[in-house]
Asker: 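Below is one structure. I have some questions about it.
Keep in mind that this is a model prediction, so the values were computed, not measured.
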Amino acid sequence: ALFTAHGEVVQAAEMLYKKAILVARGSFRPVTRATVDMLECAHAEFINEPQVQGEKIVVLTEMTLKNLAEGGVIEHRDFLDRVDTLAALGQNVLISDYGEFHRLAGYLFRCTRKMIGLVMGVPTLQELFEEKYYTDLGGGILESFGRLFKNDLKLYVYPFKNPMTERVETADDLHVAAHLRHLHAYLKERGCLHSLPDYSAECLPIFAGEVLAKIRAGDHSWEPQVPAAVTRLIKERRLFGYTD
């Protein structure tokens with residue numbers, strides 16, 4: 001299902017047909033200033049790609065049914081609330097059942113042959129290099145990456161500030177298993193991994209899970225970490241367990 005920023009449900013394939021597509025995947029529970037900064041940084045880089053010049057661009061925030069479930073149960077009201085908070089920021093929202101990135105990419109490849117950008121943080125990129133997620137594929141991680149990067153697709157990676165070391169980690173210095181280092185180096189050399197520059201350093205310490213915990217605990221220090229429009233919506237509709 002694809003919801004426009006105006007709250008309308010449209011046919012995803014029609015909206016994405018022959019468009020350059022930039023997608024940020026997440027749970028958005030709630031959407032934070034870090035999320036907005038990540039998407040803005042990626043968009044600034046995406047529109048300057050030579051393959052995107054002169055093309056129509058669709059920007060999407062995307063949630064999988066896996067990310068919508070809590071305790072194994074999908075709360076439809078909860079995910080519609082998340083759609084509304086994203087719409088308050090002018091974002092289109094795609095709801096999919098593609099848990100794996102290569103499956104999401106496969107769907108997008110069927111909609112367009114134009115360039116596709118996937119936006120993610122360093123922790124998500126780290127998970128992409130975990131082989132345990134590909135045991136259902138005969139070719140393992142190589143098959144997954146082959147499907148993911150078979151067309152004109154690039155990962156735009158937002159940095160991560162390690163709370164233990166205070167060090168800012170990027171896609172370039174990702175820690176991967178020894179036997180996967182050449183794969184990581186190959187993807188960097190091919191231009192498939194792009195570390196996002198010009199990010200807001202003050203947004204790096206913001207994590208959605210911590211913000212959600214503060215909302216539920218009645219700790220109002222979460223408010224500066226969330227866009228103003230989303231803060232208003234959370235308070236007005238008492239979303240995510242918010243109480244006065």
Side-chain angles (χ1 to χ4, degrees), residues 20-29 31-52 57 59-64 67 91 100-102 104-105 108 115-134 141-142 144-211 225-227:
I21 305 170
L22 182 66
V23 186
R25 164 172 278 188
S27 60
F28 307 110
R29 201 166 192 249
V31 57
T32 67
R33 288 178 54 218
T35 311
V36 173
D37 188 51
M38 177 171 65
L39 194 51
E40 289 179 347
C41 290
H43 185 261
E45 296 295 300
F46 189 68
I47 60 176
N48 286 319
E49 296 285 357
Q51 308 95 305
V52 176
I57 299 173
V59 179
L60 299 174
T61 49
E62 184 260 354
M63 290 182 280
T64 70
N67 283 337
Q91 298 296 335
E100 301 85 1
F101 275 93
H102 69 263
L104 172 62
L108 298 175
M115 185 174 181
I116 296 171
L118 297 183
V119 189
M120 63 183 62
V122 165
T124 301
L125 179 63
Q126 189 79 59
E127 288 189 352
L128 274 184
F129 277 86
E130 295 290 339
E131 292 184 280
K132 63 183 179 181
Y133 295 118
Y134 310 112
I141 190 172
L142 292 180
S144 172
F145 278 26
R147 294 184 185 184
L148 183 61
F149 295 108
K150 73 173 184 177
N151 291 333
D152 195 3
L153 182 143
K154 180 180 289 190
L155 304 185
Y156 295 86
V157 186
Y158 192 70
F160 169 71
K161 187 173 183 179
N162 191 315
M164 303 296 293
T165 64
E166 294 294 307
R167 181 173 176 268
V168 176
E169 301 173 4
T170 72
D172 295 329
D173 44 34
L174 193 73
H175 299 291
V176 300
H179 65 284
L180 296 177
R181 289 174 187 164
H182 290 297
L183 176 60
H184 178 241
Y186 168 74
L187 292 174
K188 285 199 303 179
E189 184 176 344
R190 190 183 169 199
C192 297
L193 306 180
H194 183 73
S195 295
L196 291 172
D198 304 324
Y199 56 87
S200 173
E202 66 178 15
C203 289
L204 293 185
I206 301 175
F207 299 100
E210 295 177 3
V211 172
Q225 300 178 323
V226 173

Asker: Work out which heavy atom in Ile47 is nearest to a heavy atom in Val52; give both atom names and the distance.
Answerer: CA-CG1, 4.3 Å
Asker: Could you tell me if His179 and Glu131 have a donor-acceptor pair between their side chains, going purely by distance under 3.5 Å?
Answerer: yes
Asker: Shortest non-hydrogen contact from Ile206 to Arg33?
Answerer: CD1-CB, 4.1 Å
Asker: Working to the nearest 0.5 angstrom, can you tell me the gap between Leu180 CG and Glu130 CD?
Answerer: 9.0 Å
Asker: I need the Lys188 NZ to His194 NE2 distance, nearest 0.5 Å.
Answerer: 13.5 Å
Asker: Side-chain contact test, heavy atoms from C-beta onward, threshold under 4.5 Å: evaluate it for Gln225 versus Thr32 and give yes or no.
Answerer: no
Asker: Take Leu155 and Leu128, measure what side chain to side chain contact (heavy atoms under 4.5 Å, CB included) needs, and give me the verdict at the end.
Answerer: CA-CA 11 Å; Leu155 304 185; Leu128 274 184; 3.9 Å; yes
Asker: If only atom types and distance count, is the side chain of Asp37 paired as donor or acceptor with the main-chain N or O of Cys203 below 3.5 Å?
Answerer: no
Asker: Under the side chain to side chain contact (heavy atoms under 4.5 Å, CB included) rule, what do Gln126 and Phe160 come out as? Steps first, then yes or no, please.
Answerer: CA-CA 11 Å; Gln126 189 79 59; Phe160 169 71; over 6 Å; no
Asker: Ion pair present between Glu100 and Arg147, side-chain N to carboxylate O less than 4.0 angstrom?
Answerer: no
Asker: Rounded at 0.5 Å granularity, tell me how far CG in Leu174 sits from OG in Ser195.
Answerer: 9.5 Å
Asker: Once you round to the nearest 0.5 Å, how far does CG of Leu196 lie from OH of Tyr158?
Answerer: 8.5 Å
Asker: Got a donor-acceptor contact below 3.5 angstrom from the Asn48 side chain to the Glu45 backbone?
Answerer: no
Asker: Show the numbers, then the answer: is there a side chain to side chain contact (heavy atoms under 4.5 Å, CB included) between Val31 and Val226?
Answerer: CA-CA 7 Å; Val31 57; Val226 173; 5.5 Å; no
Asker: Taking the side chain as every heavy atom from C-beta outward, state whether Gln91 and Leu39 have any atom pair closer than 4.5 Å.
Answerer: yes
Asker: Check Gly117 against Tyr156 and note the closest heavy-atom contact, atom names and distance.
Answerer: CA-CE1, 3.7 Å
Asker: Say you draw a straight line from CD1 of Ile57 to CE of Met115; how long is it, rounded to the nearest 0.5 Å?
Answerer: 10.0 Å
Asker: Taking all atoms of both residues into account, what is the closest heavy-atom pair of Ala42 and Val119, and its distance?
Answerer: CB-CG2, 3.6 Å
Asker: Search all heavy atoms of Ala105 against all heavy atoms of Leu153 and return the closest pair with its distance.
Answerer: CB-CD1, 3.9 Å
Asker: Decide yes or no on side chain to side chain contact (heavy atoms under 4.5 Å, CB included) for Leu183 and Leu142, but give the supporting numbers first.
Answerer: CA-CA 9 Å; Leu183 176 60; Leu142 292 180; 4.2 Å; yes
Asker: Roughly how far, to the nearest 0.5 Å, is CG of Leu148 from CD1 of Ile116?
Answerer: 9.5 Å
Asker: Looking only at heavy atoms, what is the nearest atom pair of Phe46 and Ile21, with distance?
Answerer: CZ-O, 3.6 Å
Asker: Tell me whether Glu166 at atom CD has more than 12 heavy atoms from other residues, nucleotides or ligands lying less than 6.0 Å away.
Answerer: yes
Asker: Taking the side chain as every heavy atom from C-beta outward, state whether Asp173 and Arg167 have any pair of such atoms under 4.5 Å apart.
Answerer: yes
Asker: Is the closest side-chain heavy-atom distance between Thr35 and Thr61 below 4.5 Å?
Answerer: no
Asker: Can you check whether Phe149 and Phe101 have ring centres sitting under 6.0 Å from each other?
Answerer: no
